[in-house]
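Presented below is the structure to which this report refers.
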Amino acid sequence: MTSITTSGVTLNIKSCRTKFAHRFVRYLLQIRNHAPPSSSSSSEEKLIQKRRQRIKIAAYSSMAHAVGPRMNWSRALLFKLRNRASRHRKKKRVVVIRRRTKKASRSSQGSVPVDQAKKLRRLVPGAKSMDLCSLLEETAHYITCLSTQIKVMQALADHLSK
């Protein structure tokens, strides 16, 4: 049996893979059943973009639900998806304009691990305020789950292409 132990929590990868696969297939069926008929080529491109976005959201949501609230990244994704759904229901569009300021370049002495940790914090959901040890554990788990996601999607694609 394949399992990972992080922060005292043992996660069974096989059961995560199975939970992810079941939920993801269910979401894919919902996406297929709610697809409107296409009319023109320009609207068809928009429909493809919407469908691609829905599949991406379904994949992330399925993985976060399969892991559950045990990991920070899954809680962050579930929170983000829940807020996205509530904003979508309210149909309020708020435009936020951010100004990017160019930071002064730092010397390369001692800032390399800090810069790499910043990059990781941007990639892993919910990792903004973690210490380095927790960040590395969450990153390892997140990568494992992403690879599981890829394997399930590849298996679905292989099965459907036969």
Side-chain angles (χ1 to χ4, degrees), residues 1-93 95-96 115-128 130 133-162:
M1 181 182 336
T2 308
S3 63
I4 294 178
T5 304
T6 54
S7 303
V9 178
T10 303
L11 302 170
N12 186 349
I13 299 302
K14 285 248 184 219
S15 70
C16 284
R17 184 179 297 162
T18 305
K19 287 178 187 177
F20 167 73
H22 286 296
R23 189 175 287 267
F24 185 60
V25 168
R26 200 171 349 142
Y27 281 139
L28 289 177
L29 289 173
Q30 286 176 357
I31 291 169
R32 187 187 72 184
N33 291 338
H34 290 91
S38 61
S39 57
S40 68
S41 61
S42 64
S43 67
E44 187 174 324
E45 187 175 315
K46 288 179 183 179
L47 288 174
I48 290 172
Q49 278 185 324
K50 279 186 178 183
R51 183 174 273 191
R52 183 184 317 136
Q53 185 66 23
R54 287 180 183 155
I55 291 170
K56 181 179 174 182
I57 290 170
Y60 280 126
S61 177
S62 300
M63 189 45 84
H65 277 97
V67 172
R70 296 176 287 213
M71 304 301 286
N72 282 343
W73 68 263
S74 64
R75 285 193 303 268
L77 272 177
L78 291 171
F79 180 76
K80 183 177 179 178
L81 291 170
R82 200 174 308 121
N83 284 346
R84 180 188 185 102
S86 67
R87 278 186 302 188
H88 183 68
R89 279 192 296 266
K90 292 177 185 177
K91 293 193 178 192
K92 288 185 179 177
R93 304 278 180 184
V95 177
V96 177
D115 290 343
Q116 290 174 345
K118 277 186 177 182
K119 288 178 185 177
L120 270 180
R121 283 188 174 94
R122 278 186 262 147
L123 292 174
V124 178
K128 284 188 172 66
M130 285 185 199
C133 184
S134 299
L135 175 65
L136 293 175
E137 285 181 9
E138 287 281 331
T139 303
H141 187 266
Y142 186 60
I143 290 170
T144 304
C145 289
L146 288 176
S147 68
T148 300
Q149 195 178 65
I150 290 168
K151 288 175 187 172
V152 168
M153 292 172 123
Q154 186 64 50
L156 281 171
D158 291 345
H159 179 72
L160 294 174
S161 66
K162 290 181 183 178

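We number each residue from 1, following the sequence as shown.
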Where do [X] and [Y] come nearest, in terms of heavy atoms and distance?
| X | Y | result |
| --- | --- | --- |
| Arg32 | Arg51 | CA-NH2, 4.3 Å |
| Ile55 | Ile31 | N-CD1, 3.9 Å |
| Ala66 | Cys16 | CB-O, 3.7 Å |
| Ala76 | Pro125 | CB-C, 3.7 Å |
| Leu135 | Ala127 | CD1-CB, 3.5 Å |

Atom pair [atom1] ([X]) and [atom2] ([Y]), whose distance is rounded to the nearest 0.5 Å:
| X | Y | atom1 | atom2 | answer |
| --- | --- | --- | --- | --- |
| Ser43 | Lys50 | OG | NZ | 10.0 Å |
| Leu29 | Arg26 | CG | CZ | 10.0 Å |
| Leu28 | Asn33 | CG | CG | 11.0 Å |
| Lys118 | Arg121 | NZ | CZ | 9.5 Å |
| Leu77 | Lys80 | CG | NZ | 7.0 Å |

**Report entry** Any side-chain heavy-atom pair of Leu136 and Leu120 under 4.5 Å
**Finding:**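 Yes, at least one pair of side-chain atoms sits under 4.5 Å.
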**Report entry** side chain to side chain contact (heavy atoms under 4.5 Å, CB included) evaluation trace for Gln149 with Leu146
**Finding:** CA-CA 5 Å; Gln149 195 178 65; Leu146 288 176; 3.6 Å; yes
Report task. Start with the C-alpha gap between Val67 and Trp73, add the side-chain angles, then the distance that decides, and say whether side chain to side chain contact (heavy atoms under 4.5 Å, CB included) holds. Result -> CA-CA 10 Å; Val67 172; Trp73 68 263; 3.7 Å; yes
Quick one: side chains of residues 57-65, donor-acceptor pairs under 3.5 Å with protein atoms, not counting sequence neighbours, listed by atom name and distance.
unit_1: Ser61; atom_1: OG; unit_2: Tyr27; atom_2: OH; d: 3.4
unit_1: Ser61; atom_1: OG; unit_2: His65; atom_2: ND1; d: 3.3
unit_1: Ser62; atom_1: OG; unit_2: Phe24; atom_2: N; d: 3.3
unit_1: Ser62; atom_1: OG; unit_2: Ala58; atom_2: O; d: 2.6
unit_1: His65; atom_1: ND1; unit_2: Ser61; atom_2: O; d: 2.9

**Report entry** Under 3.5 Å: donor-acceptor pair, side chain of Thr148, backbone of Arg17
**Finding:**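 Checked: no pair found.
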